[in-house]
Participant: 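Attaching a single structure in structure tokens format; questions to follow.
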Amino acid sequence: MNSPEKQDTLKPSIKKILQYLSAKPGVYRMLDINGDILYVGKAKNLSNRVKSYFVKNHTSPKTQLMVSYVEDIATTVCETETEALLLENNLIKKHRPRFNVLFRDDKSYPYIFLSKETYPKLVYHRGAKKQKGDYFGPFPSSTAVRQSLSLMQKTFRVRQCEDSYFANRSRPCLQYQIKRCTAPCVNYISEKSYAEDIDSIRQFYNGRSETVIKAIQIKMEHASESLQFEDAARYRDQIKNLRHVIQKQAISGSDADLDAVAIEYASGIACVLVLFIRQGQIVGNKSYFPKVPKDTELSEVLETFLRQYYLSDAEVPKRVLIQKSTEGLELIQEAVSASQQRKIEFKIPVRGQQKEWLNFAQKNSAHSLRSKLNHKTNVFERISKLQEALDLDRLPKYLECFDISHTQGNQTVASCVVFDEQGPKKSAYRIFNISGITAGDDYAAMKQALQRRYGRLNDEGKPLPDLVIIDGGKGQLTQAEDVFTELGLDTGILLGVSKGSDRKVGMELLWQVGEHRPIQLDESNKGLHHIQHIRDEAHRFAITKHRQQRKKSATKSLLEEIPGVGAKRRQSLLKHFGGWQEVEKASIKDIAKAPGISLALAEKIYDYLHG
């Protein structure tokens with residue numbers, strides 16, 4: 001957490017970026033005033049990691065110097081931390097940022113070394129391969145090697161100590177006590193059993209991982225049938241650890257050179273993101289925010305972008321992946337091919353690695369769009385347009401919005417999100433766990449949330465927001481009106497928002513207390529865009545918290561709730577991953593590797609577990 005003094009000295013542009021960083025895994029790039037990359041790093045939590053650079057004092061002079069040059073921060077959200085690690089490596093090799101540690105040549109790449117002796121050791125290695133044994137690698141970074149070694153040490157408990165230390169032990173060391181070694185130095189494990197573990201490691205790093213895992217699964221089943229539950233649990237943990245090591249990522253694939261183009265639209269803003277894949281590796285991405293005239297179809301926005309971008313001086317690969325076809329796509333393809341004097345293909349992938357790359361681009365396009373909305377500098381203009389559209393007495397600088405989420409009436413929650421003149425004020429967000437109502441009664445849920453929120457503000461004498469938005473139509477607004485009347489509060493600050501005809505975005509109906517007919521603003525109205533933004537954020541926050549609540553209270557696996565996943569497939573998944581928590585951490589491609597699970601079903605499982 002940044003100290004107050006440091007927050008006050010931050011550059012305004014950096015302060016706003018830090019406020020809206022994603023908490024997901026990903027890669028960040030520190031940029032200087034010219035847009036050049038100073039540093040590339042990866043993070044398990046982008047928000048926490050990037051903010052850590054801007055604490056009050058740095059122990060490293062190098063970090064102090066780098067931070068002083070930072071004028072902008074670019075991020076790429078990834079599905080897993082391992083994915084971020086591989087992307088980080090690609091970007092460092094491509095851009096060679098001045099503040100990153102760079103490899104000079106292939107000789108400096110790290111390996112894992114398995115020695116050749118009675119009780120072999122498994123250790124980190126860099127440099128000349130002089131010792132007898134097996135060398136596995138190279139790995140993209142020292143971190144990757146150490147993470148792999150740590151997991152393998154937990155899984156097979158082979159020694160990592162030096163030979164001199166091993167030869168002179170008379171009793172087990174601390175590694176044995178914390179279950180990271182089987183203590184072959186004092187003969188706590190037979191030579192045969194130790195050799196079996198070494199053989200599993202050798203098979204694993206030689207690409208026969210599934211053979212190793214299947215053998216462990218058989219051992220786990222036998223141990224369970226023999227009521228040796230402690231051994232069964234150990235085998236289960238081995239499977240889990242091995243799955244972490246071999247997790248297949250979308251960051252690296254074939255030797256293809258291509259772009260993946262994705263488009264997202266919300267609250268009057270479009271984002272087109274181009275993902276650059278070179279020699280089968282993601283090497284970067286760039287977001288564009290074109291102006292979208294009223295009533296323009298997204299297909300037209302995409303077509304215009306493809307024409308302008310690829311007929312300019314942009315580097316054009318042999319293939320460009322897109323989400324959907326457009327009317328003029330064939331003509332654009334011919335024109336780009338003619339300008340490049342070679343065949344260029346615009347393709348819509350339906351499966352495989354290329355589909356994964358496009359999905360990756362779509363996720364980051366949505367992330368970039370959300371960041372753009374949160375960073376938007378004309379919030380004041382949108383607020384002014386909203387005041388004008390609703391004929392309000394004062395500028396609605398402080399707004400709150402409520403939404404309800406539940407699953408068939410269970411684990412009902414109500415979200416309250418807050419926006420001020422700077423955009424979302426996440427520190428003021430609130431969640432209300434609803435109880436004591438009829439299952440599925442959204443009216444009662446909304447009434448309870450409003451009573452608790454504004455009853456407390458009223459009792460404490462705190463000021464009310466300038467506008468309270470209720471996600472729902474006339475019925476939900478009536479509940480809000482009843483609560484405000486009971487509390488003696490001004491009902492004029494209430495506003496209901498319902499979907500219009502065909503539930504199409506831009507056709508929302510706005511309901512005010514005392515008015516029998518709703519207001520329908522033009523879809524290009526910036527005041528409507530502000531309402532859409534806060535309503536969508538309330539919906540997202542409600543869904544997120546509801547899923548967390550459901551996971552906490554669940555007494556059975558979430559897998560039992562997924563349509564199409566019966567007892568046999570559940571058992572297959574649990575055996576394959578060693579536990580349903582590991583299923584939740586896996587990517588779509590990893591889930592599809594389980595017996596009986598198709599890629600389509602894997603996508604359903606992943607989407608259900610991750611929202």
Side-chain angles (χ1 to χ4, degrees), residues 399-418 429-457 468-487 489 491 494-505 507-513 516 518 531-567 570 580 584 604-611:
L399 303 90
E400 295 186 355
C401 182
F402 289 79
D403 189 26
I404 305 295
S405 180
H406 58 77
T407 300
Q408 297 179 345
N410 297 317
Q411 285 91 41
T412 303
V413 299
S415 68
C416 171
V417 301
V418 179
Y429 285 15
R430 296 291 181 268
I431 200 75
F432 299 93
N433 297 318
I434 305 301
S435 60
I437 65 170
T438 303
D441 189 346
D442 287 356
Y443 287 167
M446 181 66 75
K447 188 170 185 177
Q448 184 179 133
L450 294 171
Q451 286 172 332
R452 289 165 60 181
R453 173 65 171 172
Y454 297 110
R456 180 174 180 177
L457 291 183
V468 177
I469 300 173
I470 309 298
D471 187 16
K474 188 69 173 176
Q476 288 285 30
L477 183 64
T478 300
Q479 299 299 316
E481 184 181 4
D482 291 344
V483 171
F484 272 51
T485 300
E486 290 172 9
L487 296 173
L489 304 177
T491 60
L494 295 172
L495 180 70
V497 182
S498 63
K499 297 287 179 65
S501 59
D502 300 324
R503 303 179 65 83
K504 183 180 177 183
V505 175
M507 303 294 290
E508 286 84 358
L509 302 178
L510 310 181
W511 301 85
Q512 293 178 297
V513 173
H516 298 292
I531 291 174
Q532 291 170 339
H533 187 189
I534 188 170
R535 180 208 52 200
D536 292 345
E537 178 68 0
H539 183 66
R540 181 200 64 80
F541 188 58
I543 290 291
T544 300
K545 293 301 179 180
H546 166 64
R547 286 186 177 276
Q548 293 175 357
Q549 194 75 349
R550 187 176 62 192
K551 288 178 184 178
K552 287 180 181 178
S553 62
T555 57
K556 59 181 180 178
S557 169
L558 281 176
L559 297 175
E560 296 182 28
E561 302 176 10
I562 304 175
V565 180
R570 282 200 301 275
W580 76 268
E584 196 173 24
K604 287 183 181 179
I605 293 170
Y606 182 89
D607 289 343
Y608 189 88
L609 295 177
H610 295 270

Participant: Side chains of Leu494 and Gln512: closer than 4.5 Å at any heavy-atom pair?
Facilitator: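 When only atoms from C-beta onward are counted, Gln512 and Leu494 do not touch, as no gap falls below 4.5 Å.
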Participant: I would like to know whether Arg430 and Arg452 meet side chain to side chain contact (heavy atoms under 4.5 Å, CB included); could you show each step before the answer?
Facilitator: CA-CA 11 Å; Arg430 296 291 181 268; Arg452 289 165 60 181; over 6 Å; no
Participant: Taking the side chain as everything from C-beta on, heavy atoms only, tell me whether Met446 gets closer than 4.5 Å to Asp442.
Facilitator: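 In short, these two side chains do not touch, never coming nearer than 4.5 Å.
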Participant: Could you measure the distance from the CD atom of Gln448 to the CG atom of Asp441? Nearest 0.5 Å is fine.
Facilitator: 10.5 Å
Participant: Show the nearest heavy-atom pair for residues Thr412 and Ala445, with the distance to one decimal.
Facilitator: CG2-CB, 4.0 Å
Participant: As an exercise, state the distance from OG1 of Thr438 to OH of Tyr443, rounded to the nearest 0.5 Å.
Facilitator: 14.5 Å
Participant: Can you see which heavy atom on Ile543 is nearest to which on Ser405, and at what distance?
Facilitator: CD1-OG, 3.5 Å
Participant: Can you see which heavy atom on Leu477 is nearest to which on Gly496, and at what distance?
Facilitator: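 Heavy atoms only, the tightest pair is CD1-N, 3.8 Å.
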Participant: Could you tell me if the side chain of Val497 sits less than 4.5 Å from the side chain of Leu510, heavy atoms only?
Facilitator: yes
Participant: Between Leu489 and Leu457, is there a side-chain heavy-atom distance shorter than 4.5 Å?
Facilitator: no
Participant: Have a look at Thr491 and tell me which of Thr485, Val483, Asp482 forms a side chain to side chain contact (heavy atoms under 4.5 Å, CB included) with it.
Facilitator: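 The passing option is Thr485.
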Participant: Should Ser415 and Lys545 count as side-chain neighbours, where that means a heavy-atom distance under 4.5 Å?
Facilitator: no
Participant: Minimum heavy-atom separation for Arg535 and Cys401, please, with both atom names.
Facilitator: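 In terms of heavy atoms, the two residues are closest at CA-SG, 4.0 Å.
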Participant: Working to the nearest 0.5 Å, report the span between CD1 of Ile404 and CD1 of Ile470.
Facilitator: 9.0 Å
Participant: For Tyr429, does the OH atom sit with more than 12 other heavy atoms under 6.0 Å from it, leaving out its own atoms?
Facilitator: yes
Participant: Only one of Ile534, Val418, Val468 passes side chain to side chain contact (heavy atoms under 4.5 Å, CB included) with Leu399; say which it is.
Facilitator: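 Exactly one option meets the side chain to side chain contact (heavy atoms under 4.5 Å, CB included) with Leu399, and it is Ile534.
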Participant: Looking at side-chain heavy atoms only, is the closest gap between Phe402 and Gln476 below 4.5 Å?
Facilitator: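 No, their side chains stay 4.5 Å or more apart.
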Participant: What are the two closest non-hydrogen atoms of Ile437 and Ala444, and how far apart are they?
Facilitator: CG2-CB, 3.9 Å
Participant: From Glu508 CD over to Ile531 CD1, what is the distance, rounded to the nearest 0.5 angstrom?
Facilitator: 8.5 Å
Participant: If every non-hydrogen atom of Trp511 is compared with every non-hydrogen atom of Lys474, which pair is closest and at what distance?
Facilitator: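 Answer, listing the atom of Trp511 first, then Lys474: CE3-CD, 3.8 Å.
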